[in-house]
Trainee: 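Take a look at the following structure, please.
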There are 2 protein chains.
Amino acid sequence: MNEAFSYSEIDAYVDRCIAITPEERSFFHSILEPKTIERKQHLLRAGEICRYEYYVISGCLRSYYLDEKGNEVNIMFPVEDWWLGDLVSFTYNIPSSLYIEAMEDSILWMINQENKELLFEKVPAFERMFRLMIQRSLAAIQNRLYATIAKTAEQRYQEFMEKYPAIPQRIPQHHIASYLGITPEFLSKIRRKLAS
Amino acid sequence: MNEAFSYSEIDAYVDRCIAITPEERSFFHSILEPKTIERKQHLLRAGEICRYEYYVISGCLRSYYLDEKGNEVNIMFPVEDWWLGDLVSFTYNIPSSLYIEAMEDSILWMINQENKELLFEKVPAFERMFRLMIQRSLAAIQNRLYATIAKTAEQRYQEFMEKYPAIPQRIPQHHIASYLGITPEFLSKIRRKLAS
DNA sequence: GCTGCGCATTGAACTAGTTCAAGAAGTTGC
DNA sequence: GCAACTTCTTGAACTAGTTCAATGCGCAGC
């Protein structure tokens with residue numbers, strides 16, 4: 001295996017959530033599979049079943065779906081130290097409605113369903129780690145929903161820039177507009193206004 | 001304890017998620033505390049720490065927060081067989097930003113943090129049940145976010161009516177407007193248009 | 001060093017949704 | 001049976017955000 005596949009980042013992630021023994025850690029390592037993906041390639045397409053959950057070692061991706069008019073609607077931009085996948089598709093074995101595209105060449109760990117179950121069985125503490133992870137996702141997406149309902153696009157853009165200052169250097173602006181729920185043209189106008 | 005506090009609904013909920021032994025079920029019952037609340041009373045207010053998670057045996061509630069302008073923004077309308085609470089406040093022991101108000105006289109089971117941890121320790125299967133519950137919440141709120149970003153208010157209203165046809169009989173229309181992220185006046189206009 | 005493409009910007013016309021003020025209708029309290 | 005309150009509706013003026021078409025700019029390919 002290539003030395004780019006380091007356990008140190010994901011181990012640090014685990015350690016921030018739960019305490020495990022060296023043996024448990026080895027078992028965890030044994031079920032992780034390495035994955036590389038090139039810029040512009042898709043990790044998942046709508047209609048496919050999401051068979052893995054992914055942890056980003058390095059790189060930057062974009063998950064999105066197509067709305068009824070066929071427009072891409074961006075959901076998140078997973079970067080280093082994030083988990084991604086389509087939880088619903090993964091859990092219930094149903095076709096995903098998401099696309100996941102690499103925005104940069106990216107290096108990931110992945111874990112399949114069967115092994116995830118096996119992990120929960122052997123090391124129940126991981127059930128907690130994944131519960132905490134989902135809980136954080138839930139809190140984040142709740143905040144985003146409330147912002148979308150109750151705040152103007154300008155406020156949402158400013159909050160996005162504060163929360164993810166590094167993303168705009170890695171992701172084209174029209175994708176950020178779609179994430180914010182506005183058109184690229186309107187985002188451009190917001191930026192002009194804020195610049196003055 | 002009043003006979004209104006029946007275990008049958010919550011037992012059915014548990015059975016749909018996990019398999020447990022009679023002893024485990026008894027232990028689960030032993031940590032449930034009964035709670036009744038009258039219409040217009042608050043179960044939680046912003047600033048308080050949410051010490052319980054609640055399961056609705058009967059009744060109907062409303063969770064909301066106040067936006068920057070002081071407007072109430074409705075989040076959900078928990079009814080029979082739903083869980084509610086402020087997960088973030090409950091988990092991290094931080095002040096909640098939510099209000100929870102009873103829209104009808106309601107009957108609930110509640111479970112506190114300490115006992116929830118104890119439950120996870122004694123019966124790890126419950127860790128799974130709560131993970132599944134959060135996962136479903138996550139999927140639901142994701143759908144709602146995408147609808148809010150990519151669909152018109154009219155579409156969102158129609159989907160709400162399909163998904164929760166019983167709610168409008170229990171909740172005033174202006175609260176539904178706030179849930180949908182629009183003004184009561186505009187919802188009224190949508191209804192007029194759809195009626196014709 | 002040109003060609004073509006993806007990306008950001010601009011302006012004008014438009015539409016979805018808001019705000020405010022007023023009025024009607026149903027409900028609750030006493 | 002009236003008063004007070006809450007809810008829903010309506011219309012007119014307004015604003016946030018969209019759509020469409022055009023322009024310019026940087027940069028990758030050859």
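Within every chain, numbering begins at 1; the chains are lettered A, B, ... in the order of the sequence lines, protein sequences first and strands thereafter. What's counted below: heavy atoms across the whole structure, side chains too, no hydrogens, waters or symmetry copies.
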Trainee: Do any side-chain nitrogens or oxygens of A:T183 fall under 4.0 Å of OP1 or OP2 in D:dG17?
Mentor: no

Trainee: Heavy-atom nearest nucleotide on DNA chain D for A:I190 versus B:E185: which residue maps closer to 5'?
Mentor: B:E185

Trainee: Could you state the CD-C1' distance from A:Q155 to D:dT15, rounded to the nearest angstrom?
Mentor: 15 Å

Trainee: Could you check A:T152 against B:F186 and say which one's nearest nucleotide on DNA chain D is further toward the 5' end?
Mentor: B:F186

Trainee: With a 3.5 Å distance limit and no angle check, can you tell me whether B:S89 reaches the backbone of B:I49 through a side-chain donor-acceptor pair?
Mentor: no

Trainee: With respect to the phosphate group of C:dG6, does any side-chain polar atom (N or O) of A:Q173 fall under 4.0 Å of OP1 or OP2?
Mentor: no

Trainee: Verify the ring-centre separation between B:W109 and B:Y7: is it less than 6.0 angstrom?
Mentor: yes

Trainee: Please determine if a side-chain N or O atom of B:R191 lies less than 4.0 Å away from the OP1 or OP2 oxygen of D:dT9.
Mentor: yes

Trainee: With a 4.0 Å cutoff (strictly under), does any side-chain N or O of B:H174 reach OP1 or OP2 of D:dT6?
Mentor: no

Trainee: For the residue pair B:Y64 and B:Y99, categorise the inter-ring angle as parallel (less than 30°), tilted (30 to 60°) or perpendicular (more than 60°).
Mentor: parallel

Trainee: Rounded off to whole Å, could you give me the CG-to-C1' distance for the B:L187 and D:dT10 pair?
Mentor: 14 Å

Trainee: Is A:R156 close enough to D:dA16 that one of its side-chain N or O atoms is under 4.0 Å from OP1 or OP2 there?
Mentor: no

Trainee: Could you check which of D:dA12, C:dC7, D:dT7 has an atom nearest any side-chain atom of A:P172?
Mentor: C:dC7

Trainee: Whole Å only: how far is the CG atom of B:N71 from the C1' atom of C:dT18?
Mentor: 11 Å

Trainee: C:dA8 C1' sits how many Å from A:L194 CG, rounded?
Mentor: 16 Å

Trainee: May I have the distance from A:H175 (atom NE2) to C:dG6 (atom C1'), rounded to whole angstrom?
Mentor: 10 Å

Trainee: Which whole-number value in Å describes the distance from A:R39 CZ to C:dG6 P?
Mentor: 11 Å

Trainee: Check B:R62, B:R170, B:K40 against B:E104 for a salt bridge (Lys or Arg N to Asp or Glu O under 4.0 Å) and give me the one that passes.
Mentor: B:R170

Trainee: For D:dT9, take OP1 and OP2 only and decide whether either is under 4.0 Å from a side-chain N or O of B:R192.
Mentor: no

Trainee: Without decimals, in angstroms, what is the distance between B:L180 CG and C:dA16 P?
Mentor: 17 Å

Trainee: Categorize B:E154 for me: base, sugar-phosphate, or nothing, with a 4.0 angstrom heavy-atom threshold over every strand shown.
Mentor: nothing

Trainee: I want to verify a distance call: between D:dT10, C:dT9, D:dT18, whose nearest atom is closest to the A:I182 side chain?
Mentor: D:dT18

Trainee: Measure CD/A:E101 against C1'/C:dG6 and give the value in whole Å, please.
Mentor: 13 Å

Trainee: Can you confirm whether more than 12 heavy atoms, excluding those of A:R136, are under 6.0 Å from its CZ atom?
Mentor: yes

